Amino acid sequence: MYHVERPVFNEGYIDSELLHRKKRTPKPFQRRIAEHLRCSSEKAKSVVFGFLPILTWLPSYPLKQYLFGDIVSGISTGVMQLPQGLAYAMLAAVPPVFGLYSSFYPVLLYTFFGTSKHISIGTFAVISLMIGGVAVREAPDSMFAVNGTNASQVVDFEARDARRVEVVVALTTLVGIIQFVLGLLRFGFLAIYLTEPLVRGFTTAAAVHVSVSQIKYLLGVHTARFNGPLSVVYSLDAVFRNIASTNVVTLIIGLVCTVFLYFIKDLNERFKKKLPIPIPGEIIVVIVSTGISYGMVMSENYGVEVVGNIPTGLLPPKIPDFSVFPNLFPDAFAIAVVGFSIAISLAKTFALKHGYSVDGNQELIALGLCNFVSSFFHTFAVTASMSRSLVQESTGGHTEIAGLLASLLVLLVVVAIGFVFQPLPTTVLAAIIMVNLLGMFRQMKDIPALWRTSKIELAIWLVSFFASVLLGLDYGLVVAMGFAILTVIYRTQCPKNALLGQIPDTGLYFDVDEYEEAEECSGIKIFQSNTSIYFANSDLYVSALKAKTGIDPAQLLVARKSQLKYAKRDNGERKAVNHCSPVKKNAVDVELGVTREVVPGVKKQKDHVYTNGQMTENHAESESEDDFFLQRLTPIHTIVLDFTPVNFIDSVGAKTIKSVNILCWCCAGTLLSDLRTLKFFCEPVTPDLIFPTIHDAVLHCKHSRDVPVCPDVQ
């Protein structure tokens, strides 16, 4: 229980008597610039530590507590990274060895610049597929027809792959530049515009694209790779047209590997609390299938497509081809934003679970440096992987050391034993990719959950999914983001409007249509709309006010002014008329459109009249039945607007609201400041008509004997 006794406050009194603003002397612009550019040892240290987060935790790294867990986690993650790097390179339309390069350089760099302790940076299906789409568009098979023959028959694959690598490397460079610049400009908040339903619908659509693209490898058929709108349809059509040429041995290997990997994945999930580390099903499949393929010479004897040449060692750095940048910028921006969104969402999830924080701007810088620097060493764009991050966290990883060890394991394979994987069937890589997509397909469960909780978010999920499936990932992302923005506009155009009533014996006010206890105050309408008021919806706000209250404030004002004018003009005449014979006179209810007949000669029988929503004693003997009936024509004397849910108001909204001639407002402090900036408070609207709470406004209206009348606002 609490009891507060105070007078009714309005903003005029609060601003002049109750509160006094702190005196602040604004700093000159030159001084602010000088302070911002001034260098000190503490500021330099803060900048260096912010740019290289490894300096904050490595000096105090607890070897005994963390080292063993990081070693186990690093080996487990590295074992996953090897086959996934080879597999996702196929999605990126480059030779498999470039997937291994992308699993080493960026991971090594993230150790120094990243702020998340648990995410696994490297190749990822969605980003790889987006990259592959660009590579196929910029370097299609038709560009590499040998001796002018049909591209579908004879293609110079070596020249095609070399050109695609150049395109992919240039794209990765541009992605890195975009991410790095956005990080420097403090655009870490950019990911919030990719709402979770949008990202989940988009990644589920990407899983559909990836699965369809791997069917041909699983069946062993040769078809062209399609890109752009309806590419899924064209890919399926091409596969079914060539399904008669399916390689049975390839299909059997792919199906066996898929079933085995699914079984191992299910086993790891069921017994993850009992297993010290997850069973490395992917590396087992790669080693066994490579050995069988090598021993049985499947490539020559059975026509099974294999990975092929994997050069030993690292390639020397090379400057990207900058001439293709203009064609790649839209794709690079989309990949940069999607990659960052996936990485930061995973990073925040693990940070919340383990009680530390991640810096979104530094994550942008880290990803930008990983992509930009690594692109000179022939890598493609990377982001955080969901499956590997879960393994890195669940196997005891504590810091970025686990990622560093995983990258060193990949380096060992590239430098020493990369050639061992040359006989690996590509159908095995397709099986690895498709099994790893199961987690994305489980996002389909979002649909019934969103149906129960938020229809608008469900619409965003579905639009993102179907647009990305049918139009391609690039156009689908644009459509999904545009639709998500439209839903925000829709929310402001279709807000929830309510009339509020008081809960008896309290200062609480709730929707009278929703709660039985809420009772409307006599003579007062309290209107609330949970939207901001600006140029796009100000007229809708006024229309909703009129529809919900059943009152046109302009007509209410006309009726009120007519009563006052009539009272002043005929005050003396009524005294004489009271002693004369009754004469009928029509009084028109302006507000309700009802015509009443008033008989001025009848002797007054009432001791009270209806004033300001209350029955008050009649002290004016000169008042007649005319006054009583005319006042009853407009029983609602005040409309109170509850502005507490309003976040902002622009000049158009302020003018529209002011023109309505409402008598009382209830405002939050931030909105009050906006109204002062917009010069809202000038005659006839003054701060005395603004109240800090609804209850203050209602008490003022109930206990004021003379309700203020606002003249027309021009």
Side-chain angles (χ1 to χ4, degrees), residues 91 119 124-131 133-134 175 178-179 182 187-212 228-232 330-350 352 358 360 363-364 367 381-387 389 437-494:
L91 293 177
I119 62 173
F124 185 58
V126 175
I127 300 300
S128 299
L129 185 66
M130 296 177 73
I131 294 169
V134 177
V175 169
I178 292 172
Q179 290 177 329
L182 289 177
F187 268 69
F189 65 88
L190 192 65
I192 64 176
Y193 291 100
L194 294 179
T195 178
E196 184 180 1
L198 186 151
V199 172
R200 292 175 74 86
F202 177 79
T203 52
T204 307
V208 173
H209 279 277
V210 173
S211 300
V212 170
L230 299 180
S231 59
V232 169
D331 305 283
F333 189 83
I335 293 172
V337 173
V338 172
F340 171 65
S341 177
I342 293 171
I344 195 64
S345 61
L346 278 174
K348 287 183 177 180
T349 299
F350 289 117
L352 183 63
V358 292
E363 285 297 298
L364 260 177
L367 282 175
V382 297
T383 186
S385 165
M386 298 179 187
S387 58
S389 297
L437 294 175
L438 290 176
M440 294 188 191
F441 281 116
R442 290 194 186 104
Q443 294 177 152
M444 289 284 190
K445 296 179 181 178
D446 293 350
I447 295 176
L450 290 174
W451 174 262
R452 292 189 295 268
T453 56
S454 174
K455 303 294 191 299
I456 292 179
E457 288 188 320
L458 174 61
I460 294 174
W461 196 104
L462 293 175
V463 169
S464 177
F465 174 77
F466 285 110
S468 300
V469 167
L470 297 176
L471 302 178
L473 297 181
D474 45 3
Y475 294 119
L477 180 62
V478 173
V479 170
M481 292 183 67
F483 182 78
I485 294 173
L486 286 177
T487 61
V488 177
I489 298 174
Y490 170 79
R491 289 174 189 265
T492 64
Q493 299 293 304
C494 302

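Numbers for residues simply follow the sequence, beginning at 1. Note that the structure is predicted; figures quoted are calculated from it, not measured. Computation of the quantities below employed the complete heavy-atom set of this structure, encompassing side-chain atoms and omitting hydrogens, waters and symmetry-equivalent molecules.
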Between CE of Met386 and OG1 of Thr349, what distance do you get to the nearest 0.5 Å?
9.5 Å
Could you name each residue pair satisfying side-chain hydrogen bond (donor to acceptor under 3.5 Å, both in side chains) that touches residues 444-453, not counting sequence neighbours?
Arg200-Asp446, Asp446-Trp461
Heavy-atom distance under 4.5 Å between the side chains of Val126 and Met440, does that happen here?
yes
Mark yes or no for whether Ser464, through its side chain, and Ile460, through its backbone, hold a donor-acceptor pair below 3.5 Å.
no
Looking only at heavy atoms, the pair that brings Ala343 and Ile119 closest together is O-CD1, 4.3 Å
Between atom CD of Glu196 and atom CD of Glu457, what is the distance when rounded to the nearest 0.5 Å?
8.0 Å
CG of Leu477 to CD1 of Ile335, rounded to nearest 0.5 Å, is 10.5 Å
With side chains defined as the heavy atoms from C-beta onward, is the minimum distance between Val208 and Phe441 less than 4.5 Å?
yes
Which residues satisfy the ring pair (Phe, Tyr, Trp, His ring centres under 6.0 Å) test with Phe483, sequence neighbours excluded?
none
Leu450 backbone acceptor or donor facing Ser454 side chain under 3.5 Å:
no
Kindly list each side-chain donor-acceptor pair under 3.5 angstrom involving residues 484-491, sequence neighbours excluded, with atom names and distances?
| residue | atom | partner | partner atom | Å |
| --- | --- | --- | --- | --- |
| Thr487 | OG1 | Ala484 | O | 2.4 |

Please find the pair of heavy atoms, one from Ser389 and one from Leu346, that lie closest to each other, and give the distance.
OG-CD1, 4.2 Å
As an exercise, state the distance from OG of Ser468 to CG of Leu198, rounded to the nearest 0.5 Å.
7.5 Å
Side chains of Ile447 and Leu462: closer than 4.5 Å at any heavy-atom pair?
yes
Measure the CD-CG distance between Gln443 and Leu437 for me, rounded to the nearest 0.5 Å.
10.5 Å
Closest heavy-atom pair and its distance - Val175, Ala381
CG1-CB, 4.5 Å
With a 4.5 Å heavy-atom cut-off, do Met130 and Asp474 have their side chains touching?
no
Minimum heavy-atom distance between Val469 and Ala205, given as atom pair plus value:
CG2-CB, 3.5 Å
With the side chain counted from C-beta on, respond yes when Ile127 and Val382 share a heavy-atom pair under 4.5 Å apart, and no when they do not.
no
Could you report the tightest heavy-atom contact between Gly339 and Thr383, atom names first, then the distance?
O-OG1, 2.6 Å
Would you name the heavy atoms of Val199 and Ser341 that are closest together and state the gap between them?
CG2-OG, 3.6 Å
Rounded to the nearest 0.5 Å, how far does CZ of Phe124 lie from CG of Leu129?
11.0 Å
